[in-house]
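Each ligand, and each atom within it, is numbered from 1 in the order the structure gives. Computed from heavy atoms alone, side chains included, the values below leave out hydrogens, waters and symmetry copies. Small disclaimer: the values here were computed from a predicted structure and weren't measured.
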Amino acid sequence: MNRICVYCGSNPGRSASYEAAAKQLAATLAQQGIGLVYGGASVGIMGILATEMLAQGGEVIGVIPRLLVDKEVAHPGLTELKIVQSMHQRKAQMAELADGFIALPGGLGTLEELFEMLTWSVLGLHSKPCALLNVDGYYDLLCAFLEHARTEQFVKPEHHAMLLSANDAQTLVAQMAGYRTPACGRPRDAEAR
Ligand code: AMP
């Protein structure tokens, strides 16, 4: 993997463990020579992740819509900051630039972004791994809900299995590197997107 896209909170969250996990993920990516693609902001977990990645000598590409440049305060020191016109363009660019997707703890935006990539994978529009970094059990309830959705037969077991999860960055990145798309998720015509 050359680059991983990380979705995460524009807030720092309540616990210091979220900041620590963002820094550990940055160190893991930088040490492995994997570049970071993210939303380009300097606030919250997003800012902590990017700043640490730069401090470790890593490559950071931010993609931010013009309307959020001031609101989320675009990060000033990135390797590259791409300013786009819309939220949809932001997500599409981030998806193009990355070889896999991780959600650190975050809010509605983080969830929406990860689940869009997961549903694209289920539909066979890409074959890149999607993963949760489950810091201190932050995503336990979400994982339990997805199991419920599988039990209730709204999510197929093979689609449920396409969402990787681990408690620490090194284990998660290793899982992603070994990810092979199941037959149900093989890429179809990308123009169907
Ligand atoms: P949050 O997890 O809600 O703190 O948001 C994390 C990031 O996702 C922030 O940069 C938000 O601006 C961004 N975001 C929220 N909704 C969307 C969306 N529909 N498309 C792209 N980015 C979004």
I'd like a table of donor-acceptor pairs (distance under 3.5 Å, sequence neighbours excluded) in which one partner is a side-chain atom from residues 17-31, with atom names and distances.
unit_1: Ser17; atom_1: OG; unit_2: Ser15; atom_2: OG; d: 2.6
unit_1: Ser17; atom_1: OG; unit_2: Asp136; atom_2: OD2; d: 2.8
unit_1: Glu19; atom_1: OE2; unit_2: Lys23; atom_2: NZ; d: 3.1
unit_1: Thr28; atom_1: OG1; unit_2: Gln24; atom_2: O; d: 2.8

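Checked against the 6.0 Å centroid criterion, the rings of Phe154 and His160 do not qualify as a close aromatic pair.
In this view, Thr171 and Asp168 satisfy the side chain to side chain donor-acceptor pair (under 3.5 Å) rule, not counting sequence neighbours. The side chain to side chain contact (heavy atoms under 4.5 Å, CB included) test applied to Glu112 returns Lys91, not counting sequence neighbours.
We find that Glu72 and Arg66 are not joined by a salt bridge, their nearest charged nitrogen and carboxylate oxygen being 4.0 Å or further apart. Using a 4.0 Å cut-off between a side-chain N of Lys or Arg and a carboxylate O of Asp or Glu, Glu80 and Lys82 qualify as a salt bridge.
A heavy-atom cutoff of 4.0 Å around ligand 1 is satisfied by the protein residues Cys8, Gly9, Ser10, Met46, Leu68, Glu72, Met87, Arg90, Lys91, Gly106, Gly107, Leu108, Gly109, Thr110, Glu112, Glu113.
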